Each structure stands twice: as structure tokens, then as C-alpha cells.
Amino acid sequence: MSDAYIALADGRVLEARTRVPGRTRGELVFTTAYTGYEESLTDPSYAEQILTFSYPLIGNYGVRAERFESETVHPRAAIAREMTDDVAEWLAGEDVPAVDHVDTREIVTTVREEGAMACGIAAGEDVTPEDAVAEMEACVPMSDHTDIGAQVTIAEPTVHEGGGEVDVALIDCGAKGSIISSLTERGADVHVLPYDATPEAVEAIDPDVLFISNGPGDPENFVDAQAVVDAFAGELPLAGICLGQQIIASALGGSTKKMAFGHRGVNQPVRDLRTGQVVMTTQNHGYTVDDTGPLEVTQVNVNDDTVEGLDSEELEVITRQYHPEANPGPHDSLGFFDDVLAMADARRRVAAD
């Protein structure tokens with residue numbers, strides 16, 4: 001007898017087993033990654049979503065805090081075919097509902113065919129299918145989460161020292177920790193600012209680069225970050241990852257759109273239009289750049305031709321839709337961080353002359 005139910009927006013209710021009890025709702029998405037469950041569950045970009053793992057066994061190498069991308073679990077719930085006790089105990093400590101013993105292949109196929117959708121979960125003693133349906137019906141569309149940045153950003157500005165060779169102002173819209181470490185490992189001091197930081201706060205740092213992080217939700221709701229980009233476009237080198245690419249494109253006159261089910265996993269092929277080289281990338285996003293404005297498309301997704309890279313030599317902009325820092329995933333694109341800091345070095349040399 002089942003003690004957990006998953007209600008889908010298409011009218012179906014799936015039975016499952018409770019690993020962590022609770023009732024919740026969110027946008028149902030899936031990841032194709034077969035490792036990196038710790039990194040995925042602590043990725044702020046999964047805020048307000050229910051994460052389904054397509055790989056059948058989650059937890060087969062334990063749970064280690066040094067792999068976390070943030071200090072907390074961000075999905076509203078986790079779904080797996082089979083979940084180990086280690087992961088279940090971790091999620092219980094985070095008060096995040098979790099279920100397994102469900103056909104995740106069916107869930108993944110449904111999302112691929114019908115798109116990311118509202119989902120409700122009811123797990124634990126005495127729950128009913130109607131409880132899950134009630135949660136699903138109360139689910140708010142992702143674009144209506146206008147304050148989602150406040151859920152994932154830092155409370156106060158923070159500095160991560162890397163040697164002081166370059167000062168990076170990072171707007172934290174839900175930044176993964178490995179983005180910061182990728183910069184500090186290359187000698188940069190990273191000044192992390194909240195998602196709603198003002199141009200004056202950035203100016204006070206006098207950075208060499210303005211960096212817009214990844215994060216959850218609709219980029220059109222991050223109006224403060226767009227205002228910062230607009231204030232410094234053409235004045236400072238600009239870089240962005242994932243949501244950061246979308247924010248920069250929007251701020252410079254482009255536009256974005258919601259994808260059917262997004263890109264989430266570690267096996268997304270990306271082609272560089274200048275070199276023809278294809279690299280495998282880690283991705284986690286449900287929106288994409290539609291109109292690039294003044295920016296040049298330099299990289300595209302091999303599977304669907306969506307924009308994966310934008311550059312502008314004139315405006316000193318370099319952005320990527322995927323996650324060059326990986327964690328989890330292939331390290332094919334780590335050179336992005338070298339390119340970002342090279343823009344700062346070039347600008348410093350010009351200023352010195």
C-alpha cells in the first residue's frame with residue numbers, strides 16, 4: 001500500500017513510497033545527471049521546483065558536505081526510482097519531502113512530451129491522492145515567483161579573497177559556490193553582492209569585472225540586476241553564467257523566453273560557431289535568450305540550436321548559458337573563467353597606458 005502520491009498537471013496521480021514525509025508543490029523538472037546528486041540538490045537554480053532524477057539509484061556514494069554548492073537544499077522535493085538511506089536522512093534534516101519506488105522513466109517522458117508542469121506531492125501517514133492534487137492546484141507558475149531572487153541570494157555583501165590580482169563584483173542571483181571558487185583559484189578577489197544590489201554598491205567596489213551569476217526563475221523578474229548591467233555596459237567588462245546570460249541579454253535590449261522543459265544534466269553538447277569545436281556541458285535552466293540584442297551568438301546547443309554563448313568585443317561582454325564550472329559534469333569549458341579574467345587584465349593594461 002502506497003503512502004505517497006505525486007499529482008501531475010495532466011490529471012494523473014502516481015503512487016510512490018515516502019522517504020521523507022511532507023506536502024509540497026513546485027514545477028516538475030528532471031536531471032539526466034547520473035552523478036552529482038549532492039551538487040544538484042544544493043544548486044539554488046532549483047528553487048521552487050520538484051527535482052526528478054532520471055538515473056535510477058541516488059545516493060550510491062554517500063553524502064559529503066564538501067560537494068555542496070550552497071548551504072541548503074533548494075528543490076521543494078526530490079523524486080527518485082531508488083533513494084539510499086544516506087540521502088533520505090540528509091533530506092529529512094533539511095525538511096525536504098522525498099519519495100521513491102516510482103517509475104521515473106514515466107515522469108521524465110511526460111515532462112519531455114508535455115513540458116515542465118505543476119506538481120504536488122503528499123507523503124506520509126494518512127495522506128490521500130486528493131492531498132497531492134490540492135498541492136498541485138496551488139502551484140504558482142515559475143514566472144509568477146517575482147521575489148525568487150530574495151530566496152537564494154546572500155543576506156549581506158561578502159568578499160572571497162583569491163590573491164587580489166583582479167576584483168570581481170558578483171551579483172548573487174543564486175550563485176553556485178563553485179563559480180566563486182573557480183574565480184578565486186585564478187587569483188581574483190570576489191565581492192559577492194545581493195541580487196538587488198544598486199549601481200552605487202558596485203561602484204563602491206571599483207571592480208575590474210561585473211559578473212552576473214546563475215539562479216532560479218524568470219530573468220525578467222531580476223530587474224535590479226538588469227539595472228546594474230545597464231549602468232555599467234560599455235564601462236566595465238561584463239560576464240554571466242546561465243541566468244546571468246539571460247539577464248545581460250535582456251538588459252542590453254534582447255529578450256528571453258521559457259523553454260518547454262529546459263536543459264538539466266551534464267551531457268548537453270555545445271558547438272562553438274567560430275572554431276566548430278563541440279564540448280559537453282553541464283546545464284540547469286528553464287529559460288533561454290530569444291533575441292540577443294547587440295550581442296553576437298558564438299555558441300549554440302547542438303540538439304536544439306538555443307543560444308549557449310554570447311560575446312561582444314565592443315561592449316566587453318562574454319556570457320555562457322551552461323555552467324563552465326561544472327560540478328558535477330565535464331570540465332571541457334573551464335577556460336571560460338580564464339577568458340573572463342583576461343578581459344580584466346586587458347582593461348588594466350589599457351588604463352595603465
Side-chain angles (χ1 to χ4, degrees), residues 24-31 33 36-53 68-79 94 96-97 111 115-119 139-155 170-180 192-197 211-226 228-229 240-251 256-265 268 282-289 306 319-323 325 327-328:
T24 192
R25 55 190 177 270
E27 182 183 61
L28 180 65
V29 298
F30 67 87
T31 176
Y37 48 85
E38 298 142 312
E39 292 93 333
S40 293
L41 287 166
T42 55
D43 183 348
S45 294
Y46 282 115
E48 297 297 342
Q49 294 177 322
I50 291 176
L51 178 59
T52 302
F53 291 95
F68 294 177
E69 287 294 332
S70 67
E71 296 180 353
T72 189
V73 172
H74 289 278
R76 297 290 299 266
I79 301 173
E94 295 279 335
V96 174
V111 173
M117 64 179 66
C119 174
C139 188
V140 176
M142 187 57 67
S143 291
D144 289 348
H145 286 286
T146 56
D147 62 345
I148 197 167
Q151 299 179 34
V152 295
T153 195
I154 59 170
L170 175 67
I171 305 299
D172 177 16
C173 301
K176 291 173 62 180
S178 54
I179 291 177
I180 296 171
V192 185
L193 297 172
Y195 82 109
D196 57 354
F211 202 120
I212 312 298
S213 82
N214 66 294
D218 188 337
E220 299 305 323
N221 288 329
F222 287 79
V223 293
D224 294 304
Q226 289 190 35
V228 168
V229 170
I241 288 176
C242 199
L243 177 73
Q245 168 167 286
Q246 300 158 19
I247 288 172
I248 290 173
S250 293
T256 60
K257 65 179 180 180
K258 199 174 192 307
M259 304 173 73
F261 53 85
H263 295 153
R264 297 177 180 89
Q268 289 287 333
T282 295
Q283 302 199 19
N284 177 12
H285 63 104
Y287 293 79
T288 186
V289 174
T306 52
T319 68
R320 296 293 181 262
Q321 184 58 65
Y322 51 88
H323 284 268
E325 79 285 354
N327 291 348

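Please read all numbers here as calculations on a predicted model, not as lab measurements.
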Give me the atom names and distance for the closest heavy-atom approach of [X] to [Y].
X	Y	value
Thr256	Ser250	CG2-OG, 3.5 Å
Val152	Gly174	CG2-CA, 3.6 Å
Ile247	Phe222	CD1-CB, 3.7 Å
Cys119	Cys139	N-SG, 4.4 Å
Val73	Val96	CG1-CG2, 3.8 Å
Pro44	Ala175	CG-O, 3.9 Å

Student check: side-chain heavy atoms of [X] and [Y] closer than 4.5 Å:
X	Y	result
Tyr46	Leu41	no
Thr52	Val111	no
Val228	Leu193	no
Ser45	Leu243	no
Tyr322	Thr282	no
Gln49	Met142	yes
Leu51	Tyr37	no

**Request:** Check for a donor-acceptor pair, side chain of Asp172 on one end and backbone N or O of Ile154 on the other, with a separation under 3.5 Å.
**Result:** yes

**Item:** Under 3.5 Å: donor-acceptor pair, side chain of Ser213, backbone of Cys173
**Value:** yes

**Message:** Does Lys257 form a side chain to side chain contact (heavy atoms under 4.5 Å, CB included) with Thr288? I'd like the steps, not just the answer.
**Reply:** CA-CA 6 Å; Lys257 65 179 180 180; Thr288 186; 3.9 Å; yes

**Request:** Just jot down the salt bridge (charged side-chain N to carboxylate O under 4.0 Å, His left out) partners of Glu27, sequence neighbours excluded, or say none.
**Result:** Lys258

**Prompt:** Glu38: what forms a salt bridge (charged side-chain N to carboxylate O under 4.0 Å, His left out) with it, not counting sequence neighbours?
**Reply:** Arg67

**Prompt:** Can you check side chain to side chain contact (heavy atoms under 4.5 Å, CB included) on Phe211 and Ile241, steps first, answer last?
**Reply:** CA-CA 8 Å; Phe211 202 120; Ile241 288 176; 3.7 Å; yes

**Request:** Evaluate the side chain to side chain contact (heavy atoms under 4.5 Å, CB included) criterion for residues Gln321 and His263: first the C-alpha distance (whole Å), next the side-chain angles of each, then the deciding distance (0.1 Å), finally the verdict.
**Result:** CA-CA 10 Å; Gln321 184 58 65; His263 295 153; 5.7 Å; no

**Message:** Under the side chain to side chain contact (heavy atoms under 4.5 Å, CB included) test against His323, which residue among Lys176, Gln268, His285 passes?
**Reply:** Lys176

What distance separates [X] [atom1] from [Y] [atom2], expressed to the nearest 0.5 Å?
X	Y	atom1	atom2	answer
Glu94	Thr42	CD	OG1	9.5 Å
Thr153	Ile171	OG1	CD1	8.5 Å
Ile179	Glu69	CD1	CD	8.0 Å
Glu48	Arg76	CD	CZ	5.0 Å

**Message:** For Glu220 and Ser143, which I'm curious about, is there any donor-acceptor pair between the side chains at under 3.5 Å?
**Reply:** no

**Prompt:** Side chains of Asn214 and Asn284: is there a donor and an acceptor less than 3.5 Å apart?
**Reply:** no

**Message:** Restricting to side chain to side chain contact (heavy atoms under 4.5 Å, CB included), what partner residues turn up for Ala77, sequence neighbours left out?
**Reply:** Thr24, Ile50, Pro97, Ile121

**Prompt:** Run the side chain to side chain contact (heavy atoms under 4.5 Å, CB included) check on His145 and Asn221 step by step: do they pass?
**Reply:** CA-CA 8 Å; His145 286 286; Asn221 288 329; 5.6 Å; no

